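All values derive from a computational prediction rather than experimental measurement.
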Amino acid sequence: MNQITNNSIRVKKINQELIKQALKSMEYGTKSMIASATGLSVATCGNILNELHELGEVIETELEGSSGGRPARRYVYNVNFSYVACIYAKAEIDKQSLTYTVSNLAGEPIEHGYIELAEVDASAIDSLIGEMIERNNHIKAVGIGIPGVAHQGIITICDIKKLINVPLEAQIRTKYEVEVIIDNDMNLTAYGFYKKQDYDEDKTIAVVTFIEGSFPGAGIMVDGHIHKGNTRFAGEISFLPFGISREEQFKQLHQPDTFIPLASRAIVSLIAIINPETIALTGDMVSISDVDLIFEKCLEDIPSIHMPELIVLEHPDDDYMNGLVAMTLESLAYSLQLVEKRR
């Protein structure tokens, strides 16, 4: 009996998500329009729309123009039904900072800001989240971007030392009763860049960063999906076997005469393993003039037919935040994997 109940609840949640996703993609929808878009019955759509309307997640608007019969009601998705709060932490040579935004369910910013700190720690992030929730009590999910790796909610590697070994995800979820995601800055930047391209079909791309004072990293999208790896370690290209110590690698990356050869070796490894269509380079250590030099160096190992387009990413922070907002919004959506498998 419990199994039957659980299955019924799961099916209902999936149907709700199908209807919400369909309505989000429309200027407005009637029951029959939504039924056609989702494959659900008009009766099922009507019942769920009524429930969502009572909750305030769906808004009922003017009636559809009549063609002789009873005019149909129109529905629109209420993008301000709830919000998400997104924060990313950044470590630079002489400062650390938190950049934040609150967005509605359409990804439109409600507020945004920047805080410069001598040192970022869990308390600073917690305090900022508390302030945002106090100003916007409809926040249902929090996204946190870090220059490092979080595995099972615990930050294991990070350029911000005070965040290492902190179970930040559980702390925030328990204290504020919201959904929480924590992800790597490069994964999020790659995701934001990828979504901005609006590809017609799934692609494989990578974003690689070379920032002064830090080791390089990469965000990887394989066939339209972020590749994080078993322990979310994918993209940590500074751990490639360059045949030198990490100290020597850091030194060579920060010297003009050794930067191009070392950066090219990292790019060659990515090309050979994931065969991307595009690799976007970013970071204050990379200039537009470096792109051709890196491309030519890669050709020493990679046949030209397999070389991706190499570009410089002009506004990586925008892509970073866009990726963080998009992923945080997705954390609110009930999984449609069962629907996709069924199709």
Side-chain angles (χ1 to χ4, degrees), residues 88-97 116 145-149 157-161 164 184-190 192-194 204-221 227 229 233-320:
Y88 67 71
K90 183 177 283 191
E92 299 175 74
I93 292 177
D94 56 349
K95 63 183 177 183
Q96 296 183 0
S97 63
E116 197 170 294
I146 58 165
V149 177
I157 298 172
C158 194
D159 290 344
I160 300 173
K161 304 304 180 187
I164 295 176
N184 170 264
D185 53 353
M186 295 312 301
N187 286 341
L188 295 166
T189 302
F193 169 74
Y194 185 91
T204 295
I205 63 100
V207 176
V208 183
T209 188
F210 297 97
I211 300 174
E212 188 175 359
S214 299
F215 283 100
I220 300 167
M221 298 284 298
H227 179 64
F233 191 68
E236 295 297 323
I237 57 174
S238 68
F239 289 91
L240 286 167
F242 293 110
I244 54 178
S245 67
R246 286 180 65 79
E247 292 76 13
E248 181 60 24
Q249 179 193 161
F250 188 86
K251 179 181 177 182
Q252 290 190 21
L253 283 166
H254 289 75
Q255 294 177 343
D257 58 335
T258 50
F259 170 74
I260 296 295
L262 198 58
S264 300
R265 289 179 68 186
I267 301 299
V268 163
S269 297
L270 281 172
I271 296 169
I273 294 168
I274 67 169
N275 189 204
E277 177 185 81
T278 302
I279 294 181
L281 307 177
T282 185
D284 49 18
M285 293 168 61
V286 180
S287 65
I288 293 176
S289 61
D290 291 333
V291 173
D292 288 340
L293 296 174
I294 292 173
F295 192 94
E296 291 300 319
K297 190 68 177 174
C298 289
L299 285 175
E300 294 178 9
D301 298 293
I302 301 293
S304 60
I305 192 174
H306 302 302
M307 280 296 296
E309 178 185 18
L310 292 187
I311 63 171
V312 171
L313 198 59
E314 295 182 357
H315 304 290
D317 287 348
D318 291 347
D319 292 317
Y320 188 177

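- Under the salt bridge (Lys or Arg N to Asp or Glu O under 4.0 Å) criterion, Glu300 pairs with Lys297, sequence neighbours left out.
- In this structure the side chain of Ile244 never reaches within 4.5 angstrom of the side chain of Lys251, judged on heavy atoms.
- The two atoms that bring Leu299 and Ser304 nearest to each other are CD2-CA, 3.7 Å, heavy atoms only.
- Side-chain contact between Thr209 and Thr189: absent, with no pair of heavy atoms (C-beta onward) separated by less than 4.5 Å.
- The heavy-atom pair separating Tyr320 from Gly145 by the smallest distance is OH-C, 3.1 Å.
- Smallest separation of non-hydrogen atoms from Ala89 and Ile160: CB-CD1, 3.6 Å.
- Residues satisfying the side-chain contact (heavy atoms from CB on, under 4.5 Å) criterion with Glu247, sequence neighbours excluded, are Ser245.
- Glu314 CD: 12 or fewer foreign heavy atoms inside a 6.0 Å radius.
- Under the rule for a side chain to side chain donor-acceptor pair (under 3.5 Å), Asn184 has no partner lying at least two apart in sequence or in another chain.
- Note: Met186 CE to Asp319 CG = 10.0 Å, rounded to the nearest 0.5 Å.
- With Glu212 contributing its side chain and Ile93 its backbone, the two residues share no donor-acceptor pair below 3.5 Å.
- The two residues Ile164 and Cys158 come nearest to each other via the heavy atoms CD1-O, 3.6 Å.
- In this structure, the separation between CG on Asp159 and CD1 on Ile211 is 8.0 Å, given to the nearest 0.5 Å.
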With side chain to side chain contact (heavy atoms under 4.5 Å, CB included) as the test, would you mind laying out the steps for Val286 and Phe259 before giving the verdict? CA-CA 9 Å; Val286 180; Phe259 170 74; 3.9 Å; yes

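- Taking OH from Tyr194 and CD1 from Ile220, the interatomic distance works out to 14.0 Å, rounded to the nearest 0.5 Å.
- Here the shortest heavy-atom pairing between Val149 and Glu236 reads CG2-OE2, 3.5 Å.
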Can you check side chain to side chain contact (heavy atoms under 4.5 Å, CB included) on His254 and Phe250, steps first, answer last? CA-CA 6 Å; His254 289 75; Phe250 188 86; 3.5 Å; yes

Without placing hydrogens or testing angles, list every side-chain donor-acceptor pair under 3.5 Å for residues 263-279, not counting sequence neighbours.
residue: Ser264; atom: OG; partner: Ile260; partner atom: O; Å: 2.7
residue: Arg265; atom: NH1; partner: Phe242; partner atom: O; Å: 3.2
residue: Arg265; atom: NH2; partner: Phe242; partner atom: O; Å: 3.3
residue: Ser269; atom: OG; partner: Arg265; partner atom: O; Å: 3.1
residue: Glu277; atom: OE2; partner: Lys203; partner atom: NZ; Å: 3.2

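- To the nearest 0.5 angstrom, Ile237 atom CD1 is 9.0 Å from Leu262 atom CG.
- Taken to the nearest 0.5 Å, the OG atom of Ser238 stands 5.5 Å off from the CD atom of Gln249.
- Applying the side chain to side chain donor-acceptor pair (under 3.5 Å) test to Ser289 and every residue at least two apart in sequence or in another chain returns Ser287.
- In terms of heavy atoms, Thr282 sits closest to Val207 at CG2-CG1, 4.1 Å.
- Put simply, the side chain of Phe193 reaches to within 4.5 Å of the side chain of Ile311, judged on heavy atoms.
- For Asp284, there are no side chain to side chain donor-acceptor pair (under 3.5 Å) partners at least two apart in sequence or on another chain.
- Distance check, rounded to the nearest 0.5 Å: CZ of Phe295 to CE of Met307 gives 4.0 Å.
- At a threshold of 4.5 Å between non-hydrogen side-chain atoms, the residues Leu188 and Tyr88 do not count as touching.
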